[in-house]
There are 2 protein chains.
Amino acid sequence: MAVHPIDARKERILHAIIDDYIQTAMPVGSRTISRKYETSLSSATIRNEMSDLEELGYLAQPHVSAGRVPSVKAYRLYVDDLLEDQPPRPDARAREFFSRRVRQMEDVFTTAAQAISEFTRYTAVVMMPKQTELRVSTLQLVPMPRGAALLVIVTDTGAIRDTVIRVSENLDGDALYAISRTLTEHLAGRTLQEVQEMLGAYSRQMGGDAQVLQGIADLAAQMERQSATDTLTVGGSHNILNYPEYSDVEKARAFLSALEEKEKLMALLAENRRPFAVRIGPETGLPEMADCSVVTASYQVGVDHHGAVGVIGPTRMPYGQVLSALSAVGQVLTEMLGE
Amino acid sequence: MAVHPIDARKERILHAIIDDYIQTAMPVGSRTISRKYETSLSSATIRNEMSDLEELGYLAQPHVSAGRVPSVKAYRLYVDDLLEDQPPRPDARAREFFSRRVRQMEDVFTTAAQAISEFTRYTAVVMMPKQTELRVSTLQLVPMPRGAALLVIVTDTGAIRDTVIRVSENLDGDALYAISRTLTEHLAGRTLQEVQEMLGAYSRQMGGDAQVLQGIADLAAQMERQSATDTLTVGGSHNILNYPEYSDVEKARAFLSALEEKEKLMALLAENRRPFAVRIGPETGLPEMADCSVVTASYQVGVDHHGAVGVIGPTRMPYGQVLSALSAVGQVLTEMLGE
DNA sequence: TGTTAGCACTCTCACTCGTTGAGTGCTAAC
DNA sequence: GTTAGCACTCAACGAGTGAGAGTGCTAACA
């Protein structure tokens with residue numbers, strides 16, 4: 001019997017199996033379904049359907065006398081269903097979470113990672129998109145005690161970076177401001193790249209002393225390095241210990257080590273511009289993540305930049321909840337970074 | 001036979017047992033000692049000595065036919081020996097570690113935590129001492145695109161904090177600087193506390209607009225909160241998974257949860273002003289840490305402030321190495337924060 | 001034709017029970 | 001004081017066993 005189509009009842013049963021497995025992490029038996037979900041059908045009937053579903057590749061048996069476990073294909077179906085009617089509801093809780101403590105650009109991302117990992121109880125990742133062609137908007141020296149000054153660079157996108165440099169002790173606030181003005185005049189509108197080049201060439205003309213100029217060059221270089229690559233923040237990494245899939249320490253360690261390899265993770269988050277993406281087990285492409293799922297949502301920054309927030313956890317995962325948590329946090333991020 | 005004194009040979013043997021146990025995490029048998037450490041003595045002799053040491057409370061047997069395991073008392077002896085001749089050698093590696101990436105105050109501490117956890121392969125904690133009576137040194141508004149400004153507060157100790165606030169769009173750099181000057185004039189030398197109070201009272205006189213003043217008040221309040229309490233940075237928390245003591249996931253999770261309770265940890269680090277301290281198992285006073293040791297070193301900040309760096313791991317720990325790593329990082333911290 | 005009851009079968013899990021090996025304590029001899 | 005030898009103990013390992021969960025298949029029923 002060539003059972004190609006999967007009818008409504010099969011789908012209901014499959015759904016029930018997945019739901020139960022997500023809850024319990026144990027292979028699901030026909031009896032369980034007949035009792036808890038499809039009370040009008042006997043276990044024998046369910047068995048027949050399960051057998052079909054297995055043949056179709058939606059279920060697998062760890063061993064012959066165990067219940068069934070959903071396959072990647074089953075999760076795929078389940079998730080695709082879910083993605084169709086994903087309500088983009090903004091969440092007050094997410095917004096409230098941020099209101100507490102966000103000081104600087106970087107804080108936004110760590111806070112986001114914390115929020116997601118707290119809401120979902122999984123490991124959260126937040127990607128901050130790279131920004132090319134950052135242009136200097138303002139450059140200012142703020143006096144500090146004992147012959148130091150804080151050099152602040154603000155870019156047109158509102159990114160801020162600062163560093164402490166040494167300056168001659170007899171420069172007071174006004175003098176530093178005068179220097180700041182000159183510097184801003186010369187350098188505003190330039191890319192970080194250009195700033196570095198110019199500092200080599202014209203250093204004398206601008207009247208700054210060598211230490212200041214060196215400080216600017218260093219900071220510009222650093223900013224460029226940091227902004228030219230995507231950066232990744234991970235939160236709640238040891239949440240996995242909560243899940244029986246990782247009750248083996250070796251596995252947990254492997255997982256945690258994999259998290260350290262930010263480049264690979266980044267690739268996972270970056271390759272996606274759709275609002276939501278779910279990569280299940282082998283679909284991640286990373287052997288270390290073979291029994292994990294990676295759920296990501298992208299958020300917008302400005303007009304054409306996309307970042308991503310995501311959750312990494314066992315394939316058995318309440319995808320619906322995770323998706324809405326990600327969506328909520330993503331929206332807050334877009335709002336916060338939009339300004 | 002009242003065997004009260006512990007002679008040189010007993011001490012050598014005890015040392016050997018501890019060393020071996022630190023390496024292997026397995027109960028040490030008499031044969032092992034006789035072969036690897038005291039080759040001139042037979043296992044039977046060692047057995048006799050071990051039996052004495054057990055009676056003296058230095059050794060314990062998990063069960064009758066297992067080898068011996070050092071007791072807390074043994075570690076205590078071992079560590080006290082170690083502490084006597086601790087060479088305070090500064091370590092080039094530690095300094096080099098910092099040279100890479102330290103931008104701001106906070107970075108110093110996370111870097112320190114990373115350095116320690118990388119050197120020792122244990123969980124590292126770094127305490128940053130609270131600073132009371134911070135006084136404002138400079139207060140400056142740096143123009144940003146689109147009606148925003150970066151408010152920077154610098155204190156007399158060189159702590160820097162900033163926040164983005166909204167300002168009227170028609171204030172240019174010079175106008176902002178003028179405001180900054182006035183503000184600095186009024187507020188320099190005041191404590192953060194006073195700044196908050198003054199902003200309530202005199203707000204009109206200073207000619208700033210309400211948003212600016214509110215921003216300052218908020219930031220001052222935040223700075224005060226942050227600096228008035230000790231803060232703790234934890235690094236390498238999942239290093240414990242490397243040790244067989246924590247091959248049980250439940251234990252590992254308990255440990256990681258305990259790390260979240262920063263107040264309790266802080267108490268451990270704070271109560272010590274001596275250059276080094278080792279608290280072994282129950283000595284920590286925390287039931288969650290009953291089979292951990294906490295090794296701490298204090299470092300100096302300025303004239304009279306003390307911070308602490310520390311390592312938390314299983315009682316079986318290469319104390320010597322840990323102490324010198326801590327000492328090295330502590331010294332670098334003192335240097336860096338001394339400026 | 002779809003559903004169900006019944007039954008034989010399979011496989012894991014938990015438990016028991018020898019066996020093995022590491023390690024001790026004690027005694028007697030050197 | 002040191003050592004060899006021996007009896008003893010106990011955890012760890014493996015094999016064997018029974019219970020329980022779950023399946024597939026067949027036959028009967030609506």
Side-chain angles (χ1 to χ4, degrees), chain A residues 1-3 5-14 16-17 20-21 23-71 244-245 247-248, chain B residues 1-3 5-14 16-17 20-21 23-71 244-245 247-248:
Chain A
M1 58 167 159
V3 256
I6 172 169
D7 61 28
R9 193 174 73 177
K10 279 194 175 50
E11 193 158 342
R12 275 210 321 280
I13 293 176
L14 184 55
I17 294 172
D20 201 77
Y21 185 68
Q23 271 182 45
T24 63
M26 306 275 278
V28 186
S30 54
R31 211 179 137 75
T32 311
I33 299 302
S34 143
R35 292 266 200 105
K36 284 209 286 186
Y37 300 89
E38 295 285 335
T39 41
S40 63
L41 295 178
S42 81
S43 67
T45 309
I46 307 286
R47 268 206 294 285
N48 287 329
E49 295 288 41
M50 280 173 140
S51 168
D52 288 355
L53 285 168
E54 179 164 4
E55 201 172 339
L56 288 166
Y58 290 103
L59 293 178
Q61 269 182 303
H63 51 266
V64 58
S65 81
R68 301 308 212 285
V69 164
S71 69
E245 281 86 343
S247 56
D248 176 17
Chain B
M1 59 168 159
V3 256
I6 172 168
D7 62 28
R9 193 174 74 176
K10 278 195 176 47
E11 193 158 342
R12 273 209 324 278
I13 292 176
L14 183 56
I17 294 173
D20 201 76
Y21 185 68
Q23 271 181 46
T24 63
M26 306 276 278
V28 185
S30 55
R31 209 179 138 77
T32 311
I33 299 301
S34 144
R35 291 266 201 106
K36 285 211 286 185
Y37 300 89
E38 295 284 335
T39 41
S40 63
L41 297 177
S42 80
S43 66
T45 310
I46 307 286
R47 269 204 294 285
N48 288 330
E49 295 288 42
M50 279 174 141
S51 168
D52 288 354
L53 284 168
E54 180 164 5
E55 202 172 338
L56 289 166
Y58 290 105
L59 294 178
Q61 268 182 304
H63 49 266
V64 58
S65 81
R68 301 307 211 287
V69 164
S71 69
E245 282 86 342
S247 55
D248 176 18

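Residue numbers begin at 1 in each chain, while the letters A, B, ... track the order of the sequences.
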Quiz item: For A:Thr24, what residues pass the side-chain contact (heavy atoms from CB on, under 4.5 Å) criterion, not counting sequence neighbours?
Solution: A:Asp20, A:Met26

Quiz prompt | Nearest heavy-atom neighbours spanning A:Val28 and A:Ile17 | solution = CG2-O, 3.7 Å

Quiz item: Between atom CG in A:Asp52 and atom C1' in C:dG2, what is the gap in whole Å?
Solution: 12 Å

Quiz item: Phosphate oxygens OP1/OP2 of C:dT3: is one of them under 4.0 Å from a side-chain N or O of A:Ser42?
Solution: no

Quiz item: Could you state the CG-C1' distance from B:Leu41 to D:dA4, rounded to the nearest angstrom?
Solution: 15 Å

Quiz prompt | Non-neighbouring partners of A:Ala25 that pass side-chain contact (heavy atoms from CB on, under 4.5 Å), sequence neighbours left out | solution = A:Pro244, A:Glu245, A:Arg316

Quiz item: Hey, does A:Ser34 reach any base, or is it just sugar-phosphate, or nothing, if we go heavy atoms under 4.0 Å?
Solution: nothing

Exercise. Please report the shortest heavy-atom distance between B:Leu59 and B:Met50, naming the atom on each side.
Key: CD1-O, 4.0 Å

Practice problem: For B:Arg12, enumerate each residue passing the side-chain contact (heavy atoms from CB on, under 4.5 Å) test, keeping only those at least two apart in sequence or located in another chain. | Solution: B:Arg9, B:Glu38

Practice problem: Quantify the bending of the helix from C:dT1-D:dA30 to C:dC30-D:dG1 as the angle between its end axes, each fitted on five pairs, to 10°. | Solution: 20°

Could you list the protein-to-nucleotides 14-16 of chain C atom pairs, N/O on both sides, closer than 3.5 Å?
none

Short heteroatom pairs, N/O only, protein and nucleotides 28-30 of chain C, under 3.5 Å:
none

Exercise. List for me each residue that meets side-chain contact (heavy atoms from CB on, under 4.5 Å) alongside B:Ser42, sequence neighbours excluded, and say none if there are none.
Key: B:Ala44, B:Thr45

Self-check item: Contact state string [nucleotides 21-30 of chain D, B base, S sugar-phosphate only, - no protein heavy atom under 4.0 Å]
Solution: BSBB------

Quiz item: When the distance from CD1 of B:Ile13 to C1' of D:dG1 is rounded to whole Å, what number comes out?
Solution: 13 Å

Self-check item: Distance, nearest 0.5 Å, that separates CD1 of B:Ile46 from CD1 of B:Ile13
Solution: 4.0 Å

Quiz item: Hey, does the side chain of A:Ser71 reach the backbone of A:Gly57 with a donor-acceptor pair shorter than 3.5 angstrom?
Solution: yes

Exercise. Send over the distance from B:Ile33 CD1 to C:dA22 C1', rounded to a whole Å.
Key: 15 Å

Self-check item: Student check: side-chain heavy atoms of B:Arg47 and B:Ser43 closer than 4.5 Å
Solution: yes

Find every protein N or O atom lying less than 3.5 Å from an N or O atom of nucleotides 12-16 of chain D, and list the pairs.
none

Only pairs under 3.5 Å count here: list side-chain donor-acceptor contacts from residues 63-70 of chain A, not counting sequence neighbours, and write none if there are none.
residue	atom	partner	partner atom	Å
A:Arg68	NE	A:Glu54	OE1	2.8
A:Arg68	NH2	A:Glu54	OE1	2.9

Quiz item: Which atom pair, heavy atoms only, marks the closest approach of B:Leu53 to B:Lys10?
Solution: CD1-O, 3.9 Å

Exercise. Could you check how far CD1 of A:Ile46 sits from C1' of C:dT3, rounded to whole Å?
Key: 11 Å

Quiz item: Could you give the distance from CD1 (B:Ile6) to CD (B:Glu49), rounded to the nearest 0.5 Å?
Solution: 9.5 Å

Quiz item: Rounded to whole angstrom units, what separation is found between the OH atom of B:Tyr21 and the C1' atom of C:dG23?
Solution: 16 Å

